[in-house]
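Down below is the structure, laid out as structure tokens.
Model, not experiment: these values are computed from the prediction.
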Number of protein chains: 2
Amino acid sequence: MEPKKDSTEEKILEAAKTVFVTKGMEGARMQEIADEAGINKALLHYYFRSKERLFEAIFSNVIQYAFPKLTQIIKTDTTFVVKLEQIIDAYIDLLRKHPYIPGFVLKELNRDPSGLFKLALKHGLNPQVIMDQIEMAMDRGEIVRMDPRHVGLNIVSMCVFPFAVRPIINVLLFKGDEKALEMFYAERANVIKQFVIDAIVIKK
Amino acid sequence: MEPKKDSTEEKILEAAKTVFVTKGMEGARMQEIADEAGINKALLHYYFRSKERLFEAIFSNVIQYAFPKLTQIIKTDTTFVVKLEQIIDAYIDLLRKHPYIPGFVLKELNRDPSGLFKLALKHGLNPQVIMDQIEMAMDRGEIVRMDPRHVGLNIVSMCVFPFAVRPIINVLLFKGDEKALEMFYAERANVIKQFVIDAIVIKK
DNA sequence: ATAAGGTTTAACTAATCGGTTAAATTTATT
DNA sequence: AATAAATTTAACCGATTAGTTAAACCTTAT
């Protein structure tokens, strides 16, 4: 929280983030993090005693990009459609700015699912709030009635999955054309909004 | 292809599949694979010279669960809706039988995306066939007109993503109740079919 | 029986990697 | 200038791991 300037600690955290996110916990090397930060391995251990401690500092910070704060939006006093549009826009924007986060988080949570318990408590991850809002929209007759968990999962799937498989899409659909790929991602917010609305919103 | 009986080679391949899929290429240990196969490390290297060779044998075999043969279904001479239903059913069935494949394939393809080129050639991965079929359904007026890549990606996302994040869903939505989780996955085929049909099929 | 190939045992190499240490050097503080 | 803290250097430790080797042992077909 504290290190504001380009202090050594900040340089380390930035370097560690880069290396951990691209290589993962197991693939990352302390020497590489030190190089990336422009310091040496001894100093790296001088600041963060162990690789595990450093990783946890990074992971706990990065997790907010994967589970963003949606509670402000979802508790707004508007129609479900408006909330839906705002949430999808916000989520896709966030993912476009941090495209490698989904792959990283998936990898690490599959490696050690127990870490999720701590994170759920620490960051107040509570899908129930979202489920409740979906259910209330059904009660108001705004959307068709179905298991809200499936609704939520469908939306998250369409938002996150394309980023988690970015390398695959890049090869299979765009043959390496990063420019076209980025444009494709930019389109997704509107595509998903339209898709979900047509699928579940009741027309009057 | 050849080893039919419970030959040593078959035992090794089975053991390697188990270990690689659960631990990944980096996390897997040759000793553990040898133990799992009930043999020793020397014999393991006697059959498969290196870890990399063994891994490639496994990965090339496992990849068919991730990119199943959909061409037979999609080339059928029926309406798009019927094809859609068959494909989603087949895909969800496959994933329920091999729930850890998505996580594994994602992890490894993110680690080394270059491997995808070989696989695309070797297994004839050709999304264009599917894109063409989607476009033809639009021409026939069966579904609304939109970028077929988004359509395909939406469907695949809703099918695959929930399996890739199985540990997360298990904790966040089911608090470890594997029984309820499995039932939830069983529901998904129908949920996705209904969702997609409502989203893009034109009612007459 | 014997020859060949499959299998085990056990020790070893070479490389990698996280982490430590101690001394020297630089930088900032008083 | 003197002191303390930050940083570098360079060597090292201990553990892990992929892969090798050579000898012995077992199984099986000829």
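Ring pair B:Phe161/A:Phe161 is perpendicular by interplanar angle, where above 60° counts as perpendicular and below 30° as parallel.
For A:Glu36 and A:Lys11, the salt-bridge test fails: no basic side-chain N is under 4.0 Å from an acidic carboxylate O. Ion pairing between a basic and an acidic side chain is recognised when a charged N comes within 4.0 Å of a carboxylate O; B:Glu32 and B:Lys23 show such pairing. Under a 4.0 Å N-O distance rule, the pair B:Lys107/B:Glu26 does not qualify as a salt bridge. Salt bridge absent: A:Asp177 and A:Lys179 never bring a charged side-chain N and a carboxylate O closer than 4.0 Å. Note on A:Lys193 versus A:Asp89: salt bridge recorded, some NZ/NE/NH1/NH2 to OD/OE distance being below 4.0 Å.
At a cut-off of 3.5 Å, with distance as the only test, no side-chain donor of A:Arg149 or A:Asn154 sits close to an acceptor on the other residue.
Geometrically, B:Arg166 does not engage B:Phe184 in a cation-pi contact, judged by NZ or CZ lying under 6.0 Å from the ring centre and within 45° of the ring axis. Remark: B:Arg111 fails to qualify as a cation-pi partner of A:Phe104 under the 6.0 Å distance and 45° angle criteria applied to the six-membered ring.
Of the residues in residues 16-37 of chain A, none lies under 4.0 Å from DNA chain D by heavy-atom distance. Residues from residues 41-59 of chain B placing a heavy atom under 4.0 Å of any atom in DNA chain C, listed by number, are B:Ala42, B:Leu43, B:Tyr46, B:Tyr47.
Contact annotation: B:Thr8 does not reach the phosphate of C:dG6 (side-chain N/O to OP1 or OP2, under 4.0 Å). Proximity of B:Asn40 to the phosphate of C:dT7: no side-chain N or O atom is located under 4.0 Å from OP1 or OP2.
Per the geometry, NZ belonging to A:Lys11 stands 13 Å off C1' belonging to D:dT8, to the nearest Å. Spacing between atom CD1 of A:Ile12 and atom P of D:dA6 amounts to 12 Å, rounded to whole angstrom units.
More than 12 heavy atoms of other residues, nucleotides or ligands shown are found within 6.0 angstrom of CD on B:Gln72.
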With the criterion being N/O to N/O and under 3.5 Å, what pairs connect the protein with nucleotides 28-30 of chain D, and how long is each?
none

